[in-house]
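From a predicted model like this one, the values you see are computed outputs, not experimental measurements.
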Protein chains: 4
Amino acid sequence: MTTAELSKTRQAKKEAILKTATQVFSEEGFLNVNMQRIINACGISRGGIYLYFQSVDELFIEVIRSRSVRQFDLIRQELKDKPDFDKVLTDYLTDHKKRLLGLSQGKPSLLRAMYEYSFTHNTEADRRLKQKQVNATRATVQSLLNLGAEQGKLASDQVRLLAEELMLLIEGMNVLALTGELQEIQIDRQFQQFERQFDLIN
Amino acid sequence: MTTAELSKTRQAKKEAILKTATQVFSEEGFLNVNMQRIINACGISRGGIYLYFQSVDELFIEVIRSRSVRQFDLIRQELKDKPDFDKVLTDYLTDHKKRLLGLSQGKPSLLRAMYEYSFTHNTEADRRLKQKQVNATRATVQSLLNLGAEQGKLASDQVRLLAEELMLLIEGMNVLALTGELQEIQIDRQFQQFERQFDLIN
Amino acid sequence: MTTAELSKTRQAKKEAILKTATQVFSEEGFLNVNMQRIINACGISRGGIYLYFQSVDELFIEVIRSRSVRQFDLIRQELKDKPDFDKVLTDYLTDHKKRLLGLSQGKPSLLRAMYEYSFTHNTEADRRLKQKQVNATRATVQSLLNLGAEQGKLASDQVRLLAEELMLLIEGMNVLALTGELQEIQIDRQFQQFERQFDLIN
Amino acid sequence: MTTAELSKTRQAKKEAILKTATQVFSEEGFLNVNMQRIINACGISRGGIYLYFQSVDELFIEVIRSRSVRQFDLIRQELKDKPDFDKVLTDYLTDHKKRLLGLSQGKPSLLRAMYEYSFTHNTEADRRLKQKQVNATRATVQSLLNLGAEQGKLASDQVRLLAEELMLLIEGMNVLALTGELQEIQIDRQFQQFERQFDLIN
DNA sequence: AATGAATGAGCCTTCATTCAT
DNA sequence: TATGAATGAAGGCTCATTCAT
């Protein structure tokens with residue numbers, strides 16, 4: 001086997017572990033996960049996991065990073081074609097609604113793990129990780145609203161305010177959904193209210 | 001000493017422990033606190049604390065409960081005198097702003113501990129605890145907005161929607177503040193925007 | 001139980017552990033001993049030992065310290081009565097001979113443990129510990145030879161040189177004895193040679 | 001490649017490993033060395049080294065053996081030419097002095113590794129290894145002193161006694177040097193004293 | 001009621017050696 | 001021969017909770 005092939009194998013194994021770990025973190029959150037659980041899930045040995053990741057933290061960070069990239073790519077793709085703002089917004093909110101309802105019903109999601117990690121890790125590097133996440137969401141919402149501004153659905157100087165409002169609403173809903181407190185009607189009400197702001201303008 | 005006096009002593013001791021534990025949890029969160037810290041802070045023995053609380057979890061739950069009651073009392077008191085809605089709302093938002101800025105700067109608060117606890121405890125009883133917290137906030141906001149409705153500052157059927165919106169904004173800001181992502185300008189913008197809704201009506 | 005009684009109990013327990021640990025270190029040396037062995041020997045629990053000693057190193061240091069004190073006291077006592085130098089020297093060398101033969105035959109002794117510790121620990125504190133040991137031996141030998149000088153068996157300015165010579169001989173024999181290379185005849189030859197130096201003078 | 005050439009290659013590789021491992025053990029002692037360090041230093045693979053040596057212990061034993069042979073060869077060479085005893089003795093002691101001072105200052109040497117190994121390994125084979133070392137030193141010193149006897153500098157029946165004395169002094173100094181307790185003046189005093197014995201005879 | 005010593009489960013990490021390729 | 005991924009035993013440490021006094 002050549003070096004290239006070997007490192008290919010290594011990379012593949014690493015990704016396999018990341019994939020399995022993503023499952024585990026999604027189902028169990030961050031704080032309830034220890035190396036043992038990952039080891040069991042991966043069918044790897046106690047020592048084996050350390051060949052790829054030095055700690056649960058390092059593993060988790062890579063899980064988050066690899067996922068962020070994918071998420072970001074998806075959204076950017078959608079907005080490229082300059083579709084109708086009303087439709088995109090509705091789609092976007094609908095996606096979030098689905099996601100939030102899933103969360104409420106205890107559907108596995110990395111979100112819980114991410115919050116657990118954020119709350120309990122405060123090094124500079126950790127904060128940058130969280131910041132990156134928040135910035136990614138903010139950027140997405142702003143791109144979306146910029147599209148709206150381009151299509152004359154809102155004033156440009158409103159973009160930032162509205163982006164933040166939506167971001168905070170979603171953040172709040174995330175938390176309520178994770179603690180099982182969010183009902184469909186609440187999501188609908190808030191999202192309708194948010195969408196109505198654009199109708200009022202026109 | 002009579003039985004009554006004894007149980008009075010017992011109650012007093014219990015409350016003293018709760019008070020001290022509240023300090024500890026506020027400063028250190030939930031996950032960083034171990035029995036040793038609480039024992040040291042309370043000047044009680046390792047075994048002694050179990051005479052009052054069956055476990056760390058039970059102790060924490062009582063800390064949260066006792067605080068909720070106090071918070072709820074305070075607000076109810078303020079609203080009793082039917083003060084001017086605009087002023088009460090402004091005060092309320094200003095209080096939250098102060099609190100959020102404190103959180104951002106790492107000022108002690110039970111909120112981090114509460115989140116840490118919620119994320120790591122998922123029994124039915126634990127969920128009810130969080131529910132109670134959310135309901136208390138919701139109830140407070142609704143009481144406040146009901147005052148506004150009474151004073152003709154908003155329609156009665158808007159109360160629930162707006163209460164939820166504010167609650168979600170605050171919840172979202174809590175999370176951002178705790179993970180170090182919230183800036184004063186963001187708080188201002190969102191609260192101003194929220195207040196403006198009442199101006200528009202009149 | 002009063003505080004004094006409690007700490008008496010604690011001290012007694014600590015000393016019991018030290019005593020057992022001394023046995024273990026004597027039989028197994030330092031490097032082959034881990035907490036588990038001490039735990040097994042003491043009939044204490046895994047966590048229990050940490051109530052008294054933070055690590056094997058700390059435990060070992062206390063073993064050595066407590067023993068040094070005892071050794072030093074013994075020697076000082078003997079020399080107080082100003083006995084006949086020739087006899088004391090002969091006794092001293094005979095004691096060492098017995099000890100060395102014991103070592104050769106694998107009789108338990110802390111010496112092996114002490115060497116193992118010294119070779120593998122080089123912090124300032126560790127060096128001071130070893131220094132203390134060496135100084136104690138040197139001081140003993142010098143006291144003995146000073147007695148000889150007082151009794152006109154050797155010149156005062158020879159004390160240091162001879163003390164060092166004896167110390168180094170003994171150190172060398174220790175090592176050979178520990179690795180099973182020292183025979184009785186060798187000890188006899190060297191000690192006789194050492195004693196002969198005093199006969200020559202007179 | 002013929003079988004002979006192959007095994008030549010094999011032998012060369014083995015010696016290359018031994019040479020590198022000697023460096024590593026000299027710098028780090030025995031207990032601080034793990035396979036990883038040797039592997040890194042040799043540029044060989046984790047599994048590869050086991051094609052040449054069955055275990056770390058075996059590798060170390062061969063390191064010691066190969067060095068002994070070399071040492072022994074050197075000395076034997078020097079004595080072949082029947083040089084002047086006084087000079088050879090002085091040279092020999094000067095060499096040891098240099099070596100001991102180097103040890104005191106932490107200069108790399110296999111000696112520490114050898115002691116660490118000896119103290120932690122007590123099989124019959126291990127003891128024989130140490131025995132061989134001691135015997136080699138003894139033989140060297142005896143050869144040297146025999147030269148002196150031939151040149152009339154000491155009586156033949158004194159050779160064994162003096163050889164042992166010197167061996168023990170050196171062994172003692174080794175230990176003190178390794179634990180950082182030996183000073184130059186001590187070496188000088190003892191070696192001068194040792195040399196003076198020959199002056200007295202003549 | 002109160003103490004604090006004792007327990008033991010739980011988690012982490014390292015490393016010599018093996019084994020499939 | 002050569003590789004390096006994988007193994008798993010071994011040891012370390014912490015801490016909530018129990019229990020004898």
Grab the [atom1]-[atom2] distance between [X] and [N] for me, whole Å please.
{"X": "D:Lys14", "N": "F:dA2", "atom1": "NZ", "atom2": "P", "result": "13 Å"}
{"X": "A:Asn32", "N": "E:dG10", "atom1": "CG", "atom2": "P", "result": "14 Å"}
{"X": "B:Phe53", "N": "F:dA16", "atom1": "CZ", "atom2": "P", "result": "16 Å"}
{"X": "B:Ile49", "N": "F:dC15", "atom1": "CD1", "atom2": "C1'", "result": "14 Å"}
{"X": "B:His121", "N": "F:dA16", "atom1": "NE2", "atom2": "C1'", "result": "12 Å"}
{"X": "B:Leu31", "N": "F:dC15", "atom1": "CG", "atom2": "C1'", "result": "14 Å"}
{"X": "A:Phe30", "N": "E:dC11", "atom1": "CZ", "atom2": "C1'", "result": "14 Å"}
{"X": "B:Leu51", "N": "F:dA20", "atom1": "CG", "atom2": "P", "result": "15 Å"}

Rounded to the nearest 0.5 Å, what's the gap from [atom1] on [X] to [atom2] on [Y]? Could you check?
{"X": "D:Thr22", "Y": "D:Ile64", "atom1": "OG1", "atom2": "CD1", "result": "8.0 Å"}
{"X": "C:Arg37", "Y": "C:Glu28", "atom1": "CZ", "atom2": "CD", "result": "4.0 Å"}
{"X": "D:Thr20", "Y": "D:Ile39", "atom1": "OG1", "atom2": "CD1", "result": "12.5 Å"}

- Going 5' to 3' through nucleotides 12-19 of chain E, assign each nucleotide B (protein heavy atom under 4.0 Å from a base atom), S (under 4.0 Å only from sugar-phosphate atoms) or - (no protein heavy atom that close). BBBBBBB-
- Query: Can you list the residues that meet the ring-ring contact (aromatic ring centres under 6.0 Å, His included) rule with D:Tyr117, with sequence neighbours excluded?
  - Reply: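 D:Tyr117: ring-ring contact (aromatic ring centres under 6.0 Å, His included) contacts with D:Phe30, D:Phe60, D:His121.
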- Query: Listed by chain and number, what are the ring-ring contact (aromatic ring centres under 6.0 Å, His included) partners of C:Phe119, not counting sequence neighbours?
  - Reply: D:Tyr115, D:Phe119
- Stems formed with participation of DNA chain F [Watson-Crick or G-U wobble, under 3.5 Å, three or more pairs]: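 Stems (3+ consecutive pairs) listed as E:2-21 with F:2-21.
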- Query: Closest nucleotide of DNA chain F for A:Ile44 versus for D:Ser45: which of these residues is on the 5' side?
  - Reply: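 Upstream on the strand: D:Ser45.
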- Query: Listed by chain and number, what are the salt bridge (Lys or Arg N to Asp or Glu O under 4.0 Å) partners of D:Arg128, not counting sequence neighbours?
  - Reply: none
- Message: Does the Lys NZ or Arg CZ of D:Lys13 fall within the cation-pi geometry relative to D:Tyr52 - under 6.0 Å from the ring centre and within 45° of the axis?
- Response: no
- Sequence neighbours left out, what passes side-chain hydrogen bond (donor to acceptor under 3.5 Å, both in side chains) with C:Gln54? Give chain and number order.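 Testing C:Gln54 for side-chain hydrogen bond (donor to acceptor under 3.5 Å, both in side chains), a comparison that skips the adjacent residues, returns none.
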- Message: Using the side-chain heavy atoms of B:Tyr52, tell me which of these nucleotides is nearest: E:dA2, F:dA2, E:dT7.
- Response: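 Taking heavy atoms from C-beta onward, the closest nucleotide is E:dA2.
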- Could you check whether B:Lys13 gets within reach of a base, just the sugar-phosphate, or nothing at all, counting any heavy atom under 4.0 Å? sugar-phosphate
- Message: Checking the side chain of D:Arg112 only, and the main-chain atoms of D:Gly29 only, is there a donor and an acceptor separated by less than 3.5 Å?
- Response: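 Such a contact is absent between D:Arg112 side chain and D:Gly29 backbone.
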